[in-house]
Amino acid sequence: MRLRILGPSSLAHREAPSAPSLGGLTAWILLATTGLAAPHPPRAQASPIAAPKADSASAPAPQLPADLSVKDAPDDDGKALRLSWEPPKVASPTAATALLIERGTGPSGPFERVDSMAAGTGEAADDSVARGRTFFYRVTALGPGGRSQPAVLGPAVPQAQWFRMGRVNVASFAVVFFGLVLFFLWSARGGRKLFIRRIPGIDAIEEAVGRATEMGRPVLYIPGIQDIDDIQTMASLVILESVARTTAQYDTKIIVPTNYPVVFTLAQEMVKNGYLQAGRPDAYDESSVRYVTTEQFAYVAAINGIILRDRPAANLYLGAFFAESLILAETGYATKAIQVAGTANIHQLPFMVVACDYTLIGEELYAASAYLSKEPRLLSTLKGSDYMKVAVIAIVLLGAVTESLGFTAFKAWFQTQ
Amino acid sequence: MQRRIPLFLTAGIGLVMLAYFFVPHPLIAGPGHFFEDSVIIVVAFAIVLGSANVMQYNGEIVMRRGKDWPYKLVLLLSMFVMVGIGLVEGPRFLDPETKFSWMYNNMYAPMQATMFALLAFYIASAAFRAFRIRNFEAGLLAAAALIVMVGRVPIGNLISSQWPHGIQLPDISNWIMENPQNSAKRAILMGAALGVMSTGLRIILGIESSFARSGQGR
């Protein structure tokens, strides 16, 4: 068993076994002759830090560090205890260099060795305890002068917490956000019109589909290269339903290559729903949605092949993209297709802005489904996030002012664990 | 009912996962771990669907000698060969000395690198289009790009080595990247983060329910 180091370690953890000490060997010989020890000499212990025997002419025995304590580890599932102590001052002759930590279920033992820690770490966590049981720890200081008298700490009972106090700030933020969304949801149900600014990139999607219809060429829709657990992919699939409805209304072919099987199955459902909503279930082509491959550049090669061979007139890249975004966009540019891109991966936004006609930046991708549907319940979530943005701006400004004035508590409250 | 079950499942599991972020207690963390592990199992089953679709779509084109059918045939043969070799080699098919690894490293990896290498040329062609100085903002963009690009290569150091310390090209380049660029990036990130929360909330509350309307239209 090893303890997890929580603080900085002043000593390197050495794994090589140490040779038996002279004192240990002498003790064994004495015990063996009296029949109290096994007939084999003691094997080298895998002790990372071995303490030399105290010599009356050399350093004094080390002292246990101050403020030695054990308590339940906070914000966990009840399977950890935390030991802490004041790191000893290295210059002191009685400063411990290491601590031997043993654990038992009673104050008088039996104790089993858990680990030995460098004394400079200051704290350590024992993750191998059972929830609800009582534990005691026996701690012995090791140093150049030998060993100290051990101290028994406890009782300590690991317990599961119901809330991670280190995330109170995130919870507060989430509660405020949800409250705003619920307020606007209630407001929208009351018939109040919610204003949303025009987003040219989303308006351009219908224009792009119309252009493809006029030219008699298909629409290519790429829902990103991440799996369904990425929220961008979810957002993209919701937009796909609206796009499929439009292509069904215009009787335009849509091609949706996907690179994850789960995304493939969902994309099929979305396109089918779109055609159903448009009243054109007969026009739905199952082969319009296809699974290609999960490998990034193999997927890109396949899409490039589709672009160059099928020559779609409108390319819609909506979702999570990485290095392949520019390859896709430039290939589409070369075929003179109208291109609308949208991603929250900011490192790809510059490429999309350069190579595409319209780009949905970050949150605009998430707003697209609400914007396209114009449904009040969906728009209410946009209003909620807009007002939250105002709050974030105010917090940032306040944080800048407090930091400039030397009050760090405000910023410290926002640090997340 | 057919629509409500997926919505209830989504809401229930979504709320558990949301609570899992804040609550370490085993009553919440237990189901949270279970759902995390379950995703892997669902994805594994979905691989079968994906593979079936690849075979169905490409196989149909090959059978009827449709457009570009030779490419589809090569795709299918490659897939069967790779899967076959992987199955023959058993659980250790990814070990370095296997034929599967050889094919991956000597056939697929070079092709992947080739595609990636195209990016350099595409960046050059995109940059040529992007940095045309048509107005003040475009000029500002071009100037910033020039400073950042030159400041990040040794020649930038060489050019500005005699300039006063603090305004050499690498320093200006770093300042641009760490100040205005970082600020704009963080602003977009914050907006995107709120968008993520908003989308997640819509899905959990069932406001966004299009995925649950399987074959039912509106």
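Order of the sequence lines fixes the chain letters, A, B, ..., with proteins taken first and strands second; residue numbering starts at 1 for each chain.
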Nearest heavy-atom neighbours spanning [X] and [Y]:
| X | Y | value |
| --- | --- | --- |
| A:Glu363 | B:Gly191 | CB-O, 3.4 Å |
| B:Ala46 | A:Pro261 | O-CB, 2.9 Å |
| A:Phe297 | B:Tyr108 | N-OH, 4.4 Å |

Tell me, do [X] and [Y] make a side-chain contact under 4.5 Å, heavy atoms counted?
| X | Y | result |
| --- | --- | --- |
| B:Met197 | A:Phe173 | yes |
| B:Val39 | A:Asp229 | no |
| B:Phe22 | A:Arg164 | no |
| B:Glu208 | A:Ser369 | yes |
| B:Ile203 | A:Ile231 | yes |
| B:Val43 | A:Tyr260 | no |
| B:Met115 | A:Asn304 | yes |
| B:Gln112 | A:Glu295 | yes |

Hey, could you give me the [atom1]/[atom2] distance between [X] and [Y], rounded to the nearest 0.5 Å?
| X | Y | atom1 | atom2 | result |
| --- | --- | --- | --- | --- |
| A:Leu349 | B:Lys185 | CG | NZ | 11.5 Å |
| B:Ile61 | A:Ser287 | CD1 | OG | 7.5 Å |
| A:Tyr291 | B:Leu49 | OH | CG | 11.0 Å |
| A:Leu182 | B:Leu205 | CG | CG | 6.5 Å |

For each of [options], tally heavy-atom pairs with chain A at distances under 4.5 Å, and name the one with the top tally.
| options | result |
| --- | --- |
| B:Gln56, B:Arg129, B:Met111 | B:Arg129 |
| B:Val42, B:Leu119, B:Ile188 | B:Leu119 |
| B:Met79, B:Glu60, B:Lys67 | B:Lys67 |
| B:Gly50, B:Gly195, B:Pro24 | B:Pro24 |

Let me know if [X] has heavy atoms under 4.5 Å from chain A in its side chain, its backbone, both or neither.
| X | value |
| --- | --- |
| B:Ala126 | both |
| B:Thr114 | neither |
| B:Leu75 | neither |
| B:Ile207 | both |
| B:Asp68 | side chain |
| B:Phe121 | neither |
| B:Phe45 | neither |

Review point. Between the side chain of A:Arg290 and the main-chain N/O of B:Tyr57, is any donor-acceptor distance below 3.5 Å?
Key: no
**Study point:** Test side chain to side chain contact (heavy atoms under 4.5 Å, CB included) applied to A:Val289 and B:Asn53, step by step
**Key:** CA-CA 9 Å; A:Val289 182; B:Asn53 179 255; over 6 Å; no
Review point. Would A:Glu375 and B:Arg202 count as a salt bridge (Lys or Arg N to Asp or Glu O under 4.0 Å) if you check the C-alpha gap in whole Å, the side-chain angles of each, and the deciding distance to 0.1 Å?
Key: CA-CA 12 Å; A:Glu375 202 181 314; B:Arg202 288 203 294 261; over 6 Å; no
